[in-house]
Structures are given as structure tokens and as C-alpha cells.
Amino acid sequence: MPNKDSILDAARRHAEEIVAPNVDRWNISAEWPRDASDKAGEAGLTGLYCPQEWGGQGLGVGDGIPVYEELGKADGAYAFALSMHNICAYATCGFARDSFKTQWARALTSGKKLANFALTEPQSGSDAGALRTEATINEDGSYTVSGVKAWVSLATEADVYFVVTRTSAAPGSKGSAMVAIPADSAGVSFGPRYETPSYRFLPLAEMVLSDVTVPADHVILPPGKGLSGALMAIDIARVSIASGCCGLMQTALDTALDYTHGRNMFGGTALDLDGIRWMLGDVANELEISRLLYRKAAGLLGTDEGALAAAHAKLFVPDAALRAANVCTQVLGGAGLLAPSGLDRLSRLAQMLKIVDGTTEIQRVVIGRSLVKRAKERASSKNGTSDPQQVA
Ligand SMILES: Cc1cc2nc3c(=O)[nH]c(=O)nc-3n(C[C@H](O)[C@H](O)[C@H](O)COP(=O)(O)OP(=O)(O)OC[C@H]3O[C@@H](n4cnc5c(N)ncnc54)[C@H](O)[C@@H]3O)c2cc1C
């Protein structure tokens with residue numbers, strides 16, 4: 001029976017042997033490396049949180065999330081895509097009806113089929129409640145869905161998309177459902193691929209849904225649960241991203257250590273200079289903090305404190321990763337600007353990871369909300385009033 005240590009070893013080997021040596025080539029060809037994700041499936045990395053009876057590894061979410069730190073050492077966009085797939089597989093095993101599970105669960109946990117979430121729309125990113133995609137529920141329970149999704153990762157490559165849709169004109173999350181839409185359903189099409197300066201192997205595009213009808217058993221979360229379920233999934237995604245960012249920081253730091261240790265200057269090496277050591281010491285310090293943050297958050301997912309802990313991790317860690325990549329570039333001098341150092345790629349990945357699955361600013365919104373709640377609780381516990389003049 002696989003355990004978390006053997007899965008971590010498998011992730012480390014996959015990152016070192018399959019991703020790191022090939023990622024530059026993938027970025028040039030701008031194609032999703034399906035052979036690599038097939039190998040990730042063979043290594044047990046595509047069904048982390050699913051029970052073994054469905055071909056998964058049966059890990060708890062907290063135990064599975066460090067996998068992305070290993071994958072993130074090689075590439076954060078690859079780690080991100082696999083993390084989204086794993087969350088969809090988890091939703092399938094945890095929430096789908098048996099007939100859907102029978103059709104899809106083993107295909108997803110084995111990595112033979114890939115999945116992704118489609119929540120964002122052209123007019124609604126951070127303001128996810130403003131989504132416009134709408135489903136009509138037919139008499140036989142099937143759903144007919146129309147709308148446009150934006151920023152769909154693995155666009156054209158995934159075999160099934162977990163789409164969040166309204167089922168009525170009610171605003172916000174009321175009536176929102178999550179529906180699995182196979183890529184080959186009639187009425188599914190994709191817009192032109194987005195041009196990105198890096199992580200080019202990750203296909204991104206709009207997905208257009210024109211009267212796409214799926215059977216009732218493709219409803220993963222019923223009306224009223226779609227957006228809230230997606231936000232719970234996004235909490236897992238936020239911590240997964242923070243985990244991947246720690247891998248990115250470790251790679252940036254190791255690149256800087258290797259270079260400065262071998263770079264002779266002023267009668268010694270660059271690493272003999274206090275100024276360089278202090279810069280890298282700060283990177284190492286923020287990496288330690290980042291690991292503590294994401295591991296704590298991973299352990300709290302699924303509890304009342306999970307969303308806030310995920311926000312703290314997603315706020316701090318991708319930002320720290322961007323600082324790490326930039327500081328390490330600076331430490332290499334001109335060599336840090338050259339493609340073989342890989343540092344420019346890491347900076348661009350960190351910037352992307354600051355945006356996806358809830359921007360840095362949105363994490364401040366989540367944390368700010370919890371502070372207001374605390375302030376109100378403190379005020380009401382003192383003299384039963386919320387008037388700051390009276391409680392002072
Ligand atoms: C590489 C990549 C892959 C992605 N993959 C997927 C995917 O597979 N599926 C999917 O559904 N989505 C995906 N996304 C979408 C992603 O989650 C959104 O880009 C993100 O939620 C931000 O939305 P937006 O880009 O529309 O920015 P906007 O929401 O328009 O935000 C613009 C700016 O305003 C700021 N802002 C927004 N609200 C506030 C506020 N209340 N207070 C202060 N500042 C605020 C933001 O932080 C940001 O700086 C992906 C994005 C990227 C970059």
C-alpha cells in the first residue's frame with residue numbers, strides 16, 4: 001500500500017527525471033507533454049486523494065499537498081496543472097454519482113484522462129459570483145449549459161471540465177451548480193490559445209459552451225452548492241500553489257548557491273561576501289517561513305480554519321517566491337539573466353502563481369474579513385457594545 005513517503009519519492013523522481021530535463025523543450029514546442037502526465041499517472045501522482053478502490057493513493061489532502069513542492073522544484077506550472085487535476089479526481093470520487101464514478105474515476109486517477117476546473121469567465125475572475133454561464137435543468141434531470149469560460153488551463157487537452165454554472169437568474173452563489181462536461185460533448189469549442197511569455201506548454205484558452213447537454217449523473221454539485229464547492233476546492237488549490245512555490249524557491253536558492261560558490265571574485269568566492277550571504281540568507285529564511293505556512297494550512301484544510309490558513313499561505317508564499325527568484329537573479333549578476341540559469345522562468349512562474357486561484361489581493365480581502373469578524377467579537381464581548389468609544 002503506498003504511503004505519503006513513497007509518493008513523495010515518486011514525485012521527486014518524476015520531477016528530476018521527467019520534468020526538469022525537458023521543461024525548456026516543452027516551453028519551446030508549446031505543447032502539453034501528455035507522455036509526461038501519463039508517466040505521472042503511472043507514478044501514482046494523478047489520484048492522490050482518491051480511495052484505492054478507485055485506483056487512487058488514498059492520501060489525506062494534507063499528506064498529498066507536499067507532492068507539489070517536489071514537482072515545483074522542476075516547474076510550478078506543471079505542478080499547478082496536476083494539482084487541479086487531482087482536485088477534480090477528488091471531487092469525482094467524493095461527490096459524483098456511482099455511474100459517473102464508474103465511467104471516469106479510474107480513468108482520472110490513472111492519469112489516462114485529464115480534468116480541470118472552469119470557474120473564471122471573461123467578466124468574472126476575482127468576483128466569481130458574477131458568473132453568467134447558465135444551465136437549464138431538463139425534465140429528465142439532464143443539464144443544458146451555455147456560456148463562456150476564460151483562462152481554462154489544459155484547454156483542448158483535458159478530457160473533462162468541471163464547470164461552475166448558474167441554474168437560475170439568481171445572483172451570486174444561489175442556484176450555482178458544478179457540472180462535469182466531457183471535452184467531446186456537442187457544443188463545446190475553444191477560442192484561440194492565449195499567448196503567454198512563459199509556461200507555454202500549459203494550454204490556456206476560452207471555452208465556449210453552446211447548448212451543451214450532459215446527463216443528470218454529470219452533476220457533481222447540485223444547485224446551491226456549485227460556487228461554495230468550487231471555493232472549497234480553491235482552498236486546496238491555494239495551499240497546493242504555496243507548496244509548489246516552495247519547490248520553486250528551493251531551486252532558485254540552489255541555483256544561486258551553486259553559482260556563488262564557484263564564482264571567484266575579490267580573492268575568494270561570491271559566497272564569501274557578507275552582502276551575498278545576507279541576501280541568500282533572507283531567501284532561505286522566507287523559504288522556511290513558507291514551508292511552515294503551507295504545511296500548517298494543509299493540515300487545517302477541511303476544518304473551520306482551513307480557508308483562512310489557505311489565504312495566509314497564498315498571500316505570503318507566491319510573493320516570497322517572486323522575491324526569491326528576483327534576488328537569486330541579482331546574485332548571479334549578468335549570468336542570472338541568461339536562459340540557462342532558469343531564473344527568468346522562475347520569476348515569471350512566481351508572478352503567475354500570485355494571480356491564479358485567487359490573487360494576492362484577494363487573500364488580503366479574505367484575511368481582512370476575518371479581522372473584522374474578530375474585531376466585532378472582541379467588541380461585543382466587552383460591555384456588549386461595538387462602539388469603539390465605549391470599549392476603549
Ligand atoms: C495561468 C493561469 C491559469 C488559470 N487557470 C484557470 C483555470 O484552469 N480555471 C479557472 O477557472 N480559472 C483559471 N485562471 C483564472 C484565475 O483564477 C484568475 O485570473 C484570477 O482569479 C484573477 O481573476 P482576473 O484575472 O479576472 O483578475 P481580476 O479579478 O479582474 O482582478 C484584477 C486586479 O484587481 C485586483 N482585485 C480584484 N478584486 C479586488 C478587491 N476586492 N480588492 C483589491 N483588489 C482586487 C486583483 O487582485 C487584480 O490585481 C487562471 C489564471 C492564470 C493566470
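Everything quoted here is computed from the prediction, not taken from an experiment. Side-chain atoms are counted along with the backbone in the values below, which use heavy atoms only and exclude waters and symmetry mates. Every number for a ligand or one of its atoms is a count from 1 in the order of the listing.
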- Query: Just going by heavy-atom distances, which of A81, S153, A130 is nearest to atom 5 (N) of ligand 1?
  - Reply: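 Ranked by closest heavy atom to atom 5 (N) of ligand 1, first place is S153.
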Evaluate the 4.0 Å heavy atom contact test for atom 38 (N) of ligand 1: does a protein atom fall under the cut-off?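 It does; a protein heavy atom is within 4.0 Å.
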- prompt: Under 4.0 angstrom from atom 33 (C) of ligand 1, is there any protein heavy atom?
  reply: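 So far as the 4.0 Å threshold goes, atom 33 (C) of ligand 1 is out of reach of every protein heavy atom.
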Counting heavy atoms only, which part of [X] comes closer than 4.0 Å to ligand 1: side chain, backbone, both or neither?
X    : value
V365 : side chain
I362 : side chain
T360 : neither

query: Is the closest side-chain donor-acceptor distance between D211 and T144 under 3.5 Å?
result: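 No.
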**Prompt:** Do we see a donor-acceptor contact under 3.5 Å between the side chains of Y78 and N22?
**Reply:**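 No, no side-chain donor-acceptor contact under 3.5 Å.
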Going through the checks in order, is the side-chain hydrogen bond (donor to acceptor under 3.5 Å, both in side chains) test met by T360 and D319?
-> CA-CA 8 Å; T360 311; D319 230 16; 4.8 Å; no
Identify, by atom number and element, the atoms of ligand 1 in contact range of [X], meaning under 4.0 Å from any of its heavy atoms.
X    : value
L119 : 10 (C), 11 (O)
T359 : 22 (C), 46 (C), 47 (O)
M352 : 1 (C)
I355 : 19 (O), 20 (C)

[X], any N or O under 3.5 Å of ligand 1 N or O:
X    : result
N116 : yes
D127 : no
F117 : yes
W151 : yes

Starting from [atom], which protein heavy atom do you reach first, and at what distance in Å?
atom                    : value
atom 17 (O) of ligand 1 : D357 N, 3.3 Å
atom 45 (C) of ligand 1 : E361 CB, 4.1 Å
atom 26 (O) of ligand 1 : G125 CA, 3.3 Å
atom 18 (C) of ligand 1 : T120 OG1, 4.2 Å
atom 36 (N) of ligand 1 : S126 OG, 4.4 Å

Quick check: Y161 with F190 (ring centres under 6.0 Å apart)?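 Centroid separation for F190 and Y161: below 6.0 Å.
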Does K113, at its NZ atom, have more than 12 non-hydrogen atoms belonging to other residues, nucleotides or ligands within less than 6.0 Å?
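Result for NZ/K113: open.
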| Under 6.0 Å from the CZ atom of R193, do we count more than 12 heavy atoms belonging to anything else shown? |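 Yes, enclosed.
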If the threshold is 4.0 Å, N to carboxylate O, is there a salt bridge linking K373 and E377?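 So K373 pairs with E377 through a salt bridge.
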Parallel, tilted or perpendicular: rings of F201 and W32 (30°, 60°):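 Plane angle between 30° and 60°, so tilted.
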Would the distance check show the side chain of R132 and the main-chain N or O of E121 forming a donor-acceptor pair, the cut-off being under 3.5 Å?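 Absent.
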Practice prompt. Using side-chain hydrogen bond (donor to acceptor under 3.5 Å, both in side chains) as the criterion, point out the one residue from R238, H312, E69, K314 that pairs with Y294.
Written response: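 Only match with Y294 under side-chain hydrogen bond (donor to acceptor under 3.5 Å, both in side chains): E69.
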Report the C-alpha distance between V160 and H218 in whole Å, list the side-chain angles of each, state the deciding distance to 0.1 Å, and finish with yes or no for side chain to side chain contact (heavy atoms under 4.5 Å, CB included).
CA-CA 10 Å; V160 62; H218 283 46; 5.9 Å; no
Can you tell if the side chain of M84 reaches within under 4.5 Å of the side chain of S153, non-hydrogen atoms only?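 Side-chain contact under 4.5 Å: no.
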Within the structure, is a non-hydrogen atom of M84 found at a distance of less than 4.0 Å from ligand 1?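 It does not; every heavy atom stays at 4.0 Å or beyond.
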